[in-house]
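What follows is a short report on a single structure.
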Amino acid sequence: MSQISLTFPDGNARSYDAGVTPAEVAASIATSLAKKAISATVDGQHWDLAWPITQDAQIAINTLKDNDAEALELIRHDCAHIMARAVQEIWPDVKVTIGPVIEHGWYYDFDRAEPFTPEDLGLIEKKMKEIINLRDPVRTEVWERDVAVKYYEERGEPYKVELIDAIPGNEPLRMYWHGDWQDLCRGPHLQHTGQVPADAFKLMSVAGAYWRGDSSRAMLQRIYGVAFKNKDDLKKHLTMLEEAAKRDHRKLGGEMDLFHMQPEAPGQVFWHPNGWTVYTELQDYMRRQQRRGGYVEVNTPQVVDRKLWEKSGHWDKYQENMFIVEVDEEHAREKAINALKPMNCPCHVQIFNQGLKSYRDLPLRMAEFGSCARYEPSGALHGIMRVRGFTQDDGHIFCTEDQITDETARFIAFLSKVYADLGFHNWTIKLSTRPEQRIGEDESWDRVEKALGDACNAAGYEYEILEGEGAFYGPKLEFTLTDAIGRDWQCGTLQVDPFLPERLEANYIGEDGAKHRPVMLHRATLGSFERFIGILIEEHAGKLPFWLAPRQVVVAAIVSDANDYCLEVVEQLKAAGVRAEADLRNEKINYKVREHSVGKVPVILAIGKKEVEERTVSTRRLGEKQSKVQPLDEIVTQLKAEATPPDLA
RNA sequence: GCUGCUGUAGCUCAGUGGUAGAGCGCACCCUUGGUAAGGGUGAGGCCGGGAGUUCAAUCCUCCCCAGCAGCACCA
């Protein structure tokens, strides 16, 4: 048998028979290592201890203790298998499908006639612990395709048969055995079930999920679990989830009296005075930014005849998701059918099309705080983050293809400044490329996709590529922020669209005196005010930056003799442009402090006898225990400065 | 839209086949209290909507609406 040379992380190399497994390698070093080992990393690939190595390679033996990423991957993956085995032991008629590792844990999809109940999850967890305690060995086998298909057909596992059919013919079919239970799986896995920490996992929830992510196919039951290396990490994770729930914008929206929603208008927001203050403050800020950024602001109609939507192509594609308004005029022959605008683009093109445009007018940047209505599927609605009525900070840049890169880079700079001003520093860019169903030449897609990528690079940002996720007419950049519990939300966007100018016959006169077609860049920075304010609330856990806080200062009287002075303080603050209010209620200062703290008021000025006499205030900042006595003039100057939006400071 | 769960006072939630309860909040009274809940009294409910079963339904069954989790969707 031929020899191979394996190089260890410390640089030492040893010679082994070709086909040696990492388990044998570990055993050759120390029996304790062989026992502790969970997997290997072979030439950068995560490698099962039982897989043979046939050529020279770099090798590292992973253990539960020292290798976080690998350990968690294996623990979670083995949990998926152990859970599937537990489910089939309890309910033998349940059909298994797939169970991948995800962030913090795993899920596994099952086909079962009866729904899993919360009590069932408890049963499954108990059974899983039993399997872990058995310390059943994990074995891997490579099967022939027809053998595997026959095996699954006999056992009534149609989903597995379908999976095998989808695996390319030249790939080996690997079977993993956890004791006497077996699953088709790429691997790698642990050595035995006992290597999963029995006290560091938890089944979290069960929900429906379509087989193969296809809404036309069977709805399966997906059980989610989380798993960690030890009990403490699990506990930390559960605590984090509890904390995150407190930051939920829907909860804080009520506590801070920002907005409410009700069944008569599902997916639409009733903004209360506090919430509307945040909204308008943000809108004023965006308006200033856009003026500075070279945009002209416009406004367009809400109710627009279907003819325009037919022309733009939206009627065909999105009719189901539009709010239709039919008007039955007395003398009309037929009803007028309109749609509430689901987007602003076609309307902006109408403005562009007024009068003749010259190449000298390009790039033309047109912005609108555009109210849109989309009939989103009921299950998609989520607080104020996914709604049916919303206002985009929309904008369209009419330009030439040559100007795309510059305009994109310019927009990225614009957006990053806005996000930074609003307290966001961790956001990501995704570049969605050509989908299967598309229009236009591949050459043009090549150029435009490159233009977007170049612009990101020029602006100094990395981006992730979402293959095939672009719109049918062009690629797009998505700017994504994350909510309190780690769900991603697309906020900003930039889409290249040569299609709509074509359909709506936009053109400009070029240097050569002939008509040319502009390209349109759809772009939004916040996305929608609704979603962005939701994210803003969660990001700051309700403690909005002072300039955005709806209630900035409460002046609270400690004794009623201080009332007049409190009102005077409020007047001075208001005159300085600060949102201040007096709390003269017959309540103890403790009570007032608590109430306004819960309401996330950033500054409480407490006024007692002493402050009245000395013309001072006792300043207490949200989140701080300590209060500070300072002269009235000083605090007014200070808060005036803090209330100034970052772009005006 | 799909699967599952939920819907009782303004809010958070108990509860029962014989038309309801707590805490907080609200109103009024007492209390003038120094930085996260002072005390008392009181008002407040078509038990999400509709139909059915029953002598009787907030409770059981069905349909609808809305919310929650996930999936699918997101111009």
Side-chain angles (χ1 to χ4, degrees), chain A residues 107 109 112 114-118 204-224 248 250-251 254-255 257 260-267 309 312-322 341-346 372 374-383 385-388 390 392 469 471-474 476 478 485 487 489-490 493 495 497 499-500 522 527-528 531 556-563 586-599 604-611 618-629:
Chain A
Y107 67 75
D109 288 347
R112 177 182 182 225
E114 300 77 37
F116 289 111
T117 64
M204 302 297 284
S205 61
V206 50
Y210 295 110
W211 169 235
R212 314 222 94 187
D214 183 343
S215 62
S216 68
R217 308 206 56 184
M219 175 65 71
L220 306 168
Q221 296 188 64
R222 175 172 296 178
I223 302 181
Y224 286 90
D248 191 308
R250 292 165 294 190
K251 187 174 154 65
E255 287 173 5
D257 196 13
H260 86 273
M261 304 177 89
Q262 63 186 52
E264 286 79 1
W309 306 114
S312 71
H314 292 103
W315 187 263
D316 259 2
K317 213 164 149 57
Y318 291 107
Q319 196 189 140
E320 294 291 300
N321 298 309
M322 286 161 81
K341 72 172 168 187
M343 53 180 349
N344 309 296
C345 344
C372 297
R374 296 180 185 175
Y375 190 79
E376 300 285 6
S378 58
L381 302 178
H382 181 95
M385 306 257 246
R386 183 85 183 266
V387 285
R388 287 182 177 155
F390 56 95
Q392 296 177 318
E469 295 289 311
F472 68 93
Y473 49 73
K476 63 178 174 181
E478 291 179 13
I485 61 167
R487 286 179 289 220
W489 294 90
Q490 183 208 305
T493 182
Q495 306 187 18
D497 185 0
F499 175 67
L500 198 61
H522 308 257
S528 80
R531 174 173 297 182
I558 297 170
V559 292
S560 53
D561 285 346
N563 288 2
N586 177 18
E587 296 290 351
K588 290 208 156 96
I589 190 65
N590 289 339
Y591 183 90
K592 294 181 182 179
V593 166
R594 180 186 146 77
E595 188 178 277
H596 301 308
S597 298
V598 169
I604 299 170
L605 302 182
I607 311 286
K609 283 200 182 95
K610 207 176 108 214
E611 286 77 10
S618 169
T619 309
R620 184 193 163 106
R621 304 248 171 193
L622 184 60
E624 288 175 16
K625 290 259 184 303
Q626 216 60 32
S627 57
K628 180 183 168 192
V629 177

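So you know, we letter chains A, B, ... as the sequences are listed, proteins then strands, and number each from 1.
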*Checking all strands, does A:Y107 fall into the base, sugar-phosphate, or nothing category for heavy-atom contacts under 4.0 angstrom?*
nothing
*Between B:G48 and B:C68 - C1' atom distance, rounded Å*: 15 Å
*In whole Å, what is the span from the CD atom of A:Q626 to the P atom of B:G34?*
17 Å
*For B:A66 versus B:C29, give the span between their C1' atoms, rounded off to a whole number of Å.*
41 Å
*Nearest-nucleotide wise, let me know which of A:Y318 and A:R487 is further upstream toward the 5' end of RNA chain B.*
A:R487
*Go through RNA chain B and write down every stem, that is, every run of at least three consecutive Watson-Crick or G-U wobble pairs with distances under 3.5 Å, as range with range.*
B:1-7 with B:65-71, B:10-13 with B:21-24, B:26-30 with B:38-42, B:48-52 with B:60-64
*Spacing of A:Y473 atom OH and A:D497 atom CG [to the nearest 0.5 Å]*: 5.0 Å
*asked:* Between A:S378 and A:R388, is the side-chain contact (heavy atoms from CB on, under 4.5 Å) condition met? List the steps.
replied: CA-CA 9 Å; A:S378 58; A:R388 287 182 177 155; 3.9 Å; yes
*Picking from B:G38, B:C71, B:A69, which would you name as closest to the side chain of A:R250?*
B:A69
*Take A:R217 and A:Y210, measure what side-chain contact (heavy atoms from CB on, under 4.5 Å) needs, and give me the verdict at the end.*
CA-CA 6 Å; A:R217 308 206 56 184; A:Y210 295 110; 5.7 Å; no
*Using a cut-off of 4.0 Å on non-hydrogen atoms, how would the nucleic acid contact of A:K341 be classed: base, sugar-phosphate, or nothing?*
nothing
*With rounding to whole Å, what would you report as the distance between B:C26 and B:G45 at their C1' atoms?*
15 Å
*With heavy atoms under 4.0 Å as the rule, sort A:E595 into base, sugar-phosphate or nothing.*
nothing
*Given B:A75, B:A66, B:U32, which nucleotide is nearest the side-chain atoms of A:P342?*
B:A75
*Choose from B:U32, B:A66, B:G38 the nucleotide whose nearest atom is closest to any side-chain atom of A:S560.*
B:U32
*Roughly how many Å is it from CD in A:Q392 to P in B:C74, rounded to a whole number?*
15 Å
_Earlier contact from the 5' end, RNA chain B, for A:N321 and A:V593_ = A:V593
*What is the distance from NZ of A:K625 to C1' of B:G34, rounded to the nearest Å?*
16 Å
*Could you give the CD-to-P distance, from A:E587 to B:C30, as a whole number of Å?*
14 Å
*Flag yes if more than 12 heavy atoms outside A:Q626 fall under 6.0 Å of its CD atom; otherwise flag no.*
no
*asked:* Does B:G25 have OP1 or OP2 under 4.0 Å away from a side-chain N or O of A:Y591?
replied: yes
Between protein and nucleic acid, restricted to nucleotides 1-9 of chain B and to nitrogen or oxygen atoms under 3.5 Å apart, what atom pairs and distances do you find?
residue : atom : partner : partner atom : Å
B:G1    : OP2  : A:S378  : OG           : 2.7
B:G1    : N7   : A:G379  : N            : 3.0
B:G1    : O6   : A:G379  : O            : 3.4
B:G1    : N2   : A:Y210  : OH           : 2.5
B:C2    : O4'  : A:Y210  : OH           : 3.2
B:U3    : O2   : A:G208  : N            : 3.2

*If we take the C1' atom in both B:G49 and B:G42, what is their distance in whole Å?*
32 Å
*Please tell me which of the listed nucleotides, B:A36, B:G70, B:A75, lies nearest to the side chain of A:M322?*
B:A75
*How about A:T493 and A:H522: do any of their side-chain heavy atoms sit closer than 4.5 Å?*
no
_I'd like to know if A:D248 and A:R250 make a salt bridge, using a cut-off of under 4.0 Å between side-chain N and carboxylate O._
yes
*Choosing from B:G70, B:G38, B:A75, which nucleotide comes nearest the side chain of A:Y224?*
B:G70
*In whole Å, what separates the C1' atom of B:A20 from that of B:U32?*
40 Å
*When only distance counts, do a donor and an acceptor, one from the side chain of A:R620 and one from the base of B:A36, lie under 3.5 Å apart?*
yes
_Nearest-Å distance for atom pair CG/C1', residues A:D214 and B:A72_ = 9 Å
*Does a side-chain heavy-atom distance below 4.5 Å link A:E595 with A:E587?*
no
_Between B:A14 and B:U58 - C1' atom distance, rounded Å_ = 14 Å
_Closest approach to the side chain of A:P266, judged atom by atom: which nucleotide of B:C74, B:G67, B:G38 is it?_
B:G67
*Have a look at A:G313 and say if it touches a base, only the backbone sugar-phosphate, or nothing, with a 4.0 Å heavy-atom cut-off.*
nothing
*When rounded to the nearest 0.5 angstrom, what is the spacing between SG in A:C345 and CZ in A:F499?*
12.0 Å
_side-chain contact (heavy atoms from CB on, under 4.5 Å) assessment of A:M261 paired with A:V387_ = CA-CA 10 Å; A:M261 304 177 89; A:V387 285; 4.0 Å; yes
_Nearest-angstrom distance, C1' atom, B:A22 to B:G4_ = 30 Å
*Base, sugar-phosphate alone, or nothing: which one does A:K609 contact when heavy atoms must sit under 4.0 Å apart?*
base
*Supply the atom-to-atom distance A:W489 CH2 to A:H382 NE2, rounded to the nearest 0.5 angstrom.*
4.5 Å
*asked:* Under 4.0 Å, counting only non-hydrogen atoms across every strand here, what does A:G474 touch: a base, just sugar-phosphate, or nothing?
replied: nothing
_Rounded at 0.5 Å granularity, tell me how far CG in A:D561 sits from CD1 in A:I607._
13.5 Å
*Check whether any side-chain N or O of A:H382 sits under 4.0 Å from OP1 or OP2 of B:A69, and answer yes or no.*
yes
*Would you classify A:E611 as touching base, sugar-phosphate or nothing, given that sugar-phosphate means primed atoms plus P, OP1 and OP2, and contacts are heavy atoms under 4.0 Å?*
base
*Distance, rounded to the nearest Å, where A:M204 contributes CE and B:C68 contributes P*: 19 Å
*asked:* Does atom CD (A:E320) have a neighbourhood of more than 12 heavy atoms from anything else shown, all under 6.0 Å?
replied: no
*Taking the same atom, P, in B:C74 and in B:G15, what whole-Å distance lies between them?*
43 Å
